[in-house]
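Please read the structure below before turning to the comments.
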Amino acid sequence: QVQLTESGGGSVQAGDSLRLSCAASGRIYSSSVMAWFRQAPEKEREFVALIRWHSSSILYADNVKGRFTISKDNPNNIVYLQMDSLKPEDTAVYYCARGSRYTTSPPEYFTWGQGTQVTVAS
């Protein structure tokens with residue numbers, strides 16, 4: 001079973017940038033879809049971005065489009081989330097997830113990391 005480990009979170013000021021990493025403990029199969037979700041206190045987990053492992057098809061949530069960039073390092077089984085122009089409303093725990101369907105629905109993803117906290121001060 002592949003395990004996912006996120007890193008790169010932290011506390012920043014509005015307008016700053018962060019890059020999150022998600023390292024897989026084993027090989028990510030070509031049929032996989034890798035995604036980032038986030039969850040703020042007392043809110044439901046929400047979709048942020050996804051990428052197909054074999055084709056690099058990408059999808060972003062509207063509220064991060066143009067500010068966040070998802071990318072991958074296939075040989076090293078790592079997924080990145082570059083976050084620029086951060087806003088206080090981006091504050092959340094960010095999770096990496098692995099699934100097999102091109103979907104924004106959290107229940108469709110069967111492997112999750114432990115999450116990394118991102119805090120953006122105004």
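For the single chain, residues carry numbers from 1 onward in sequence order. Basis for what follows: all heavy atoms, side chains included, without hydrogens, waters or symmetry-related copies.
- Under a hydrophobic-cluster definition in which Ile, Leu, Val, Met, Phe, Trp and Tyr are linked whenever side-chain heavy atoms come within less than 4.5 Å, directly or via other members, Val64 and Val79 are assigned to the same cluster.
- Shown here is Gln117, whose CD atom has more than 12 heavy atoms of other residues, nucleotides or ligands within 6.0 Å.
- Of all non-hydrogen atoms in Leu4 and Thr111, the two that sit nearest each other are CD1-O, 3.6 Å.
- By the 4.5 Å heavy-atom criterion applied to side chains, Met83 and Asp16 are not counted as neighbours.
- A single hydrophobic cluster is seen to contain both Val48 and Leu86, as judged by linkage of ILVMFWY side chains at heavy-atom distances under 4.5 Å, directly or through other members.
- Using a 4.5 Å cut-off between side-chain heavy atoms of Ile, Leu, Val, Met, Phe, Trp and Tyr, with links allowed through other members, Leu18 and Tyr94 fall into the same hydrophobic cluster.
- Between the SG atom in Cys22 and the CD1 atom in Ile78 there is a gap of 9.0 Å [rounded to 0.5 Å].
- Residues Trp53 and Asn74 have side chains in contact (heavy-atom distance under 4.5 Å, counting atoms from C-beta outward).
- Shortest non-hydrogen contact noted between Val118 and Gly9 is CG2-CA, 4.1 Å.
- Note that the OH atom of Tyr80 and the CD1 atom of Ile70 stand 12.5 Å from one another [nearest 0.5 Å].
- Residues Trp36 and Leu50 fail the side-chain proximity criterion, which asks for heavy atoms closer than 4.5 Å.
- Inter-residue side-chain proximity for Ser57 and Tyr102 is flagged as met; some heavy-atom pair is nearer than 4.5 Å.
- For the atom pair Ser122 OG and Glu89 CD, the distance stands at 10.0 Å (nearest 0.5 Å).
- The ring of Trp112 has its center closer than 6.0 angstrom to the ring center of Phe37.
- Listed here is the closest heavy atom pair of Val2 and Ala24: CG1-CB, 3.7 Å.
- Residues Leu81 and Ile28 share a single hydrophobic cluster, defined by chaining ILVMFWY side chains whose heavy atoms lie under 4.5 Å apart.
- Shown here is Tyr29, whose OH atom has no more than 12 heavy atoms of other residues, nucleotides or ligands within 6.0 Å.
- Here the shortest heavy-atom pairing between Ala40 and Ala92 reads N-CB, 3.8 Å.
- Heavy atoms only, all atoms of each residue included: Phe110 and Ser100 are closest at CE2-N, 3.6 Å.
- Gln82 contributes atom CD, which lies 7.0 Å from atom CZ of Arg19 (distance to the nearest 0.5 angstrom).
- No side-chain donor from either of Thr103 and Ser105 sits under 3.5 Å from a side-chain acceptor of the other.
- Listed for the Thr119 side chain is no donor-acceptor partner under 3.5 Å among the backbone atoms of Ser11.
- Taking 4.5 Å as the limit, every side-chain heavy atom of Arg38 sits out of range of all side-chain heavy atoms of Thr116.
- Once rounded to the nearest 0.5 Å, the distance linking CZ of Arg52 with NZ of Lys72 reads 11.5 Å.
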Give the C-alpha distance, both sets of side-chain angles, the deciding distance and a yes or no for salt bridge (charged side-chain N to carboxylate O under 4.0 Å, His left out) between Asp90 and Lys87. CA-CA 5 Å; Asp90 294 319; Lys87 303 175 181 180; over 6 Å; no

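- At least one donor-acceptor pair closer than 3.5 Å links the side chain of Gln114 to the backbone N or O of Glu6.
- The side-chain heavy atoms of Thr104 and Leu59, taken from C-beta on, include a pair separated by under 4.5 Å.
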Show, in sequence, the C-alpha distance, side-chain angles and deciding distance for Tyr109 and Tyr95, and conclude whether the ring-ring contact (aromatic ring centres under 6.0 Å, His included) test is met. CA-CA 11 Å; Tyr109 289 81; Tyr95 297 91; over 10 Å; no

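- At least one donor-acceptor pair under 3.5 Å links the side chain of Arg67 to the backbone N or O of Ser85.
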Please report the C-alpha distance between Cys96 and Met34 in whole Å, then the side-chain angles of each, then the deciding distance to 0.1 Å, and finally whether the side-chain contact (heavy atoms from CB on, under 4.5 Å) criterion is met. CA-CA 7 Å; Cys96 176; Met34 301 299 295; 3.9 Å; yes

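- Note: Ile58 CD1 to Ile51 CD1 = 4.0 Å, rounded to the nearest 0.5 Å.
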